[in-house]
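Here is the structure we will look at, set down as structure tokens.
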Number of protein chains: 2
Amino acid sequence: MAELVSGFSKLTKEEKIEWIAFNFLKENTNAREILSLYWNSDEQLQQLHDDFIENTISNYYMPFGVAPNFVINGRLYTIPMAIEESSVVAAASLVAKFWSDKGGFKTEVINTVKVGQVHFMYEGNTSDLQSYFKFKKEDLIAATQDITKNMRKRGGGILNIELRDKTDDLENYYQLHVTFETKDSMGANFINSCLEVMAEEFKKDDIQIVMSILSNYVPNCLVKASVSCEVEKLHPTDGALFAKKMKQAVEIANVEPHRAVTHNKGVMNGIDAVVIATGNDFRAVEAGVHAYAAKSGTYKSLTSCKIEDGVFTFSIEIPLALGTVGGLTSTHPLSKLSLEMLHNPSAKELMQIVAVAGLAQNYAALRALTTTGIQEGHMKMHLVNILNQLEASAEEKEKVTVALKGQIVSYSGVAEVLEKIRA
Amino acid sequence: MAELVSGFSKLTKEEKIEWIAFNFLKENTNAREILSLYWNSDEQLQQLHDDFIENTISNYYMPFGVAPNFVINGRLYTIPMAIEESSVVAAASLVAKFWSDKGGFKTEVINTVKVGQVHFMYEGNTSDLQSYFKFKKEDLIAATQDITKNMRKRGGGILNIELRDKTDDLENYYQLHVTFETKDSMGANFINSCLEVMAEEFKKDDIQIVMSILSNYVPNCLVKASVSCEVEKLHPTDGALFAKKMKQAVEIANVEPHRAVTHNKGVMNGIDAVVIATGNDFRAVEAGVHAYAAKSGTYKSLTSCKIEDGVFTFSIEIPLALGTVGGLTSTHPLSKLSLEMLHNPSAKELMQIVAVAGLAQNYAALRALTTTGIQEGHMKMHLVNILNQLEASAEEKEKVTVALKGQIVSYSGVAEVLEKIRA
């Protein structure tokens, strides 16, 4: 039986793997080999990746693909995507091509305000605190001058500091609600550093701080993307019916949270793929986007669809706090390359590209769902994966594909057919 | 200026890269080299990864680390994590160790029901549809027999089919709300295949189907995890104060969505890292979890904290639809190895492990936030990354670290200090 380990993080990578293999992977004699098979042969490059987090033992491969033919505000893009789900890049590429000769995608950044908060408890009366804050506000700004210096040079910084009385929600609870403009950086470190300095100022006056932290809820860091064309151009035979079903699909997502969650999950397939490829933090984006979808009190669709005067318009409006400098954006070589592939965008430009990827993905999902169903496409990719897993030869792959045409693909079904072919 | 491309997906990987490099990466003469630097030297293994999605041009490295010392229901685990955020694995490891001698983590699966829906429009009157459905229900079950055969052998299958009248929400809108038990598979393909067959049955009777699709909202596929100990064991000097601040932090997240979103984002740092490492779909998990956090109409904390009779309890309850068979779980060699490292868990066991990773991460975040603040730890890792980016030698790294002790780390700050050292 394995035992607790002390000082694990101080072991070398090889020692860590040795310990894990001995204690947790005894039945797999190839464990060490598999882990090292994924190391990069360039030692310096591997060291770079090892240092990104603690206790790194290998590199988890996320497929890195590209979706070409995105026309956004008249400019052509090939969008890099890091995603393991088989259908996402293929769907993005098809939709990009489809809209490329119909005016492409139009986008607009609505706002770029980020938020951080110092949460604290104050037992005295509110008006005293308000007077104190009025007098203290300048000190708070002054205390952050060193941290904000570079950001101010770039046109960013602290936008406002507001004292918010939250005692109706929780006894003695107040907050400093601080808004920021962080330009091309996502701003997490900048915001948190500013907030912690402000909290220190408050502590000097014996105010009990609970915590100081940025918010990933950024409803005022908002971007919009849309596509639009005449209804009849949507479909070779029946554009009106197609448009109607697309609209119904969005309407359903707006009244049925069970559907809305999956609908928006499809949006996020496109969004996260670009977020990861460009070295941004997809958990931050996910949390902010889903909370935004729930802001009305009911969880709803992130995309909208309208048909007016024979014109079909499909659009998305989402909060996205992204960076194109700092963090992994320049330290991960493939993220740096992803940004180069996107014409080295500003954070505002990246917001627009990412929103387009989300909109395209939702369009693809709804198009498949309201016409052929999604299983046809999924099954095709699923079959390829199962055949690889069963180590089928190119000839066997072709035979199995023909044999299973139009059928539902399952591992056991494929294995059965392959066995017959091999016999 | 780049032009639209046709038949891109049919090009070889080398041709794709050539096209991208020529059209979008002209200014980076090393682009081809960087992309191929990330290829695996084992051609067959690389082919496997190339085939996971379309238009794969390289492998995006996500750091693959491990967090040891997790005691869950008395059993010891080392948890594999694929995550790019610097502090996540380190935080998980510390919290795992902390709780290992205090009874460890306790977990419980509450339910494992999954959901799929056939959304359709019906213009006739509701009672006719209800009569039709009553008579048709058996046909729907019968039509899915081939698909459900293997799942039924494993003890899963369709649990119930319900006709839901949603016409109050949207004119003529009804749905088949179908519940499933999918055992160790996440079940997306299984559920979607069943639903599409049911929809075909309805189409035979001229009912207008909008779409058939599983739901990623799974409030009845639920798992709970908790830790508990006497308040004084929480902290070397002041357990009571520590417990109080942890509780305040959770209370704040429950009344302030700006905080709740970030609070839950921290939970998801731990959850997604294990979800990805084990070959599961993190977008599906994210969507379901955040919608669950918003189910009351206000977006709230996923974790709870109570102090009763001198005992501190910290817990989480979240919906998680996961698989340990099918999809990438066995086709991605590192996911297969991750599952082996976790004692080849059933899907129910994996739900518990993943919930623990989320709870641990939230505990770590709140502990840091309510005591030292999170910047200290973040800055340490951030500094390492910046030093690597600036290609600092081991000696230079040490000098810079000493020089910047206690200070806020920024790229420009580090560059400045390093320049002085080098001069």
Side-chain angles (χ1 to χ4, degrees), chain A residues 2 4-5 8 24 28 48-49 51-56 58-66 68-69 76 78 82 89-90 119 169-170 192-193 196 210-211 215-217 248 252 255 258 261-262 265 268 283 286-287 290-291 294 297 299 331 333-334 340-341 369 373 375 384-385 388-389 408, chain B residues 2 4-5 8 24 28 34 48-49 51-56 58-66 68-69 76 78 82 89-90 119 169-170 192-193 196 210-211 215-217 248 252 255 258 261-262 265 268 283 286-287 290-291 294 297 299 331 334 340-341 369 373 375 384-385 388-389 408:
Chain A
L4 292 173
V5 59
F8 183 77
F24 291 90
N28 187 341
L48 171 79
H49 285 280
D51 285 346
F52 282 144
I53 66 168
E54 201 176 73
N55 296 348
T56 316
S58 198
N59 311 297
Y60 189 87
Y61 281 15
M62 194 71 93
F64 182 75
V66 293
N69 294 329
L76 190 64
T78 292
V89 170
H119 306 271
D169 297 320
L170 186 67
N192 289 333
S193 296
E196 289 192 5
V210 183
M211 59 193 161
S215 174
N216 295 122
Y217 187 51
Q248 281 175 341
I252 288 173
V255 299
H258 272 99
V261 169
T262 316
K265 187 272 181 189
M268 299 311 289
R283 279 92 50 212
E286 284 270 358
H290 289 295
Y299 188 95
T331 49
L334 286 187
E340 286 170 1
M341 202 186 293
L369 282 170
Q375 285 307 87
V384 171
N385 288 342
N388 282 330
Q389 195 177 346
I408 287 151
Chain B
L4 292 172
V5 60
F8 183 77
F24 291 90
N28 187 341
I34 293 168
L48 172 79
H49 286 279
D51 285 345
F52 283 145
I53 66 168
E54 201 176 75
N55 295 349
T56 317
S58 197
N59 311 296
Y60 190 87
Y61 281 14
M62 192 71 94
F64 183 76
V66 292
N69 294 328
L76 190 64
T78 292
V89 169
H119 306 271
D169 297 321
L170 187 65
N192 289 334
S193 295
E196 290 193 4
V210 183
M211 60 193 158
S215 174
N216 294 122
Y217 186 50
Q248 280 175 340
I252 288 172
V255 300
H258 272 100
V261 169
T262 317
K265 187 273 183 189
M268 299 312 288
R283 279 92 51 213
E286 284 271 358
H290 289 294
Y299 188 95
T331 48
L334 287 186
E340 287 170 1
M341 201 186 293
L369 282 170
Q375 284 308 88
V384 171
N385 289 341
N388 282 330
Q389 195 179 344
I408 287 152

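Just so we're on the same page: letters track the sequence lines, and every chain starts at 1.
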Query raised in the report: Aromatic rings A:Y217 and B:H258: how do their planes relate, parallel, tilted or perpendicular, breaks at 30° and 60°?
Result: perpendicular

Of the listed A:G65, A:A82, A:A287, the one with the largest count of heavy-atom pairs under 4.5 Å with chain B is A:A287

Only one of B:F52, B:F64, B:Y61, B:Y60 passes ring pair (Phe, Tyr, Trp, His ring centres under 6.0 Å) with A:Y61, and that residue is B:Y61

Bottom line for B:Y299: the part with an atom under 4.5 Å from chain A's heavy atoms is side chain

Under 4.5 Å to a heavy atom of chain A? For B:V5 that would be both

Determine whether A:I252 and B:M211 satisfy the following criterion, side-chain contact (heavy atoms from CB on, under 4.5 Å), listing intermediate values before the conclusion.
CA-CA 10 Å; A:I252 288 173; B:M211 60 193 158; 4.1 Å; yes

Nearest heavy-atom contact between B:L4 and A:L76 is CD2-CD1, 3.6 Å

| query | B:N55 side chain to A:V66 main-chain N or O, any donor-acceptor pair under 3.5 Å? | reply | yes

Chain A shares the most heavy-atom pairs under 4.5 Å, among B:V384, B:V255, B:N69, B:N28, with B:N69

All heavy atoms of B:R283 vs all of A:E286, minimum pair found to be CG-OE2, 3.6 Å

Nearest heavy-atom approach of A:L334 to B:I34 is CD2-CG2, 4.0 Å

In short, A:S215 meets B:T262 closest at the heavy-atom pair CA-OG1, 3.2 Å

Among B:M62, B:H119, B:M268, the residue with the most heavy-atom pairs under 4.5 Å to chain A is B:M62

Comparing A:N388, A:L48, A:D51 against chain B, the one with the most heavy-atom pairs below 4.5 Å turns out to be A:D51

Per-residue tally against chain A (heavy atom, under 4.5 Å) across B:T331, B:D169, B:L170, B:V210 peaks at B:V210

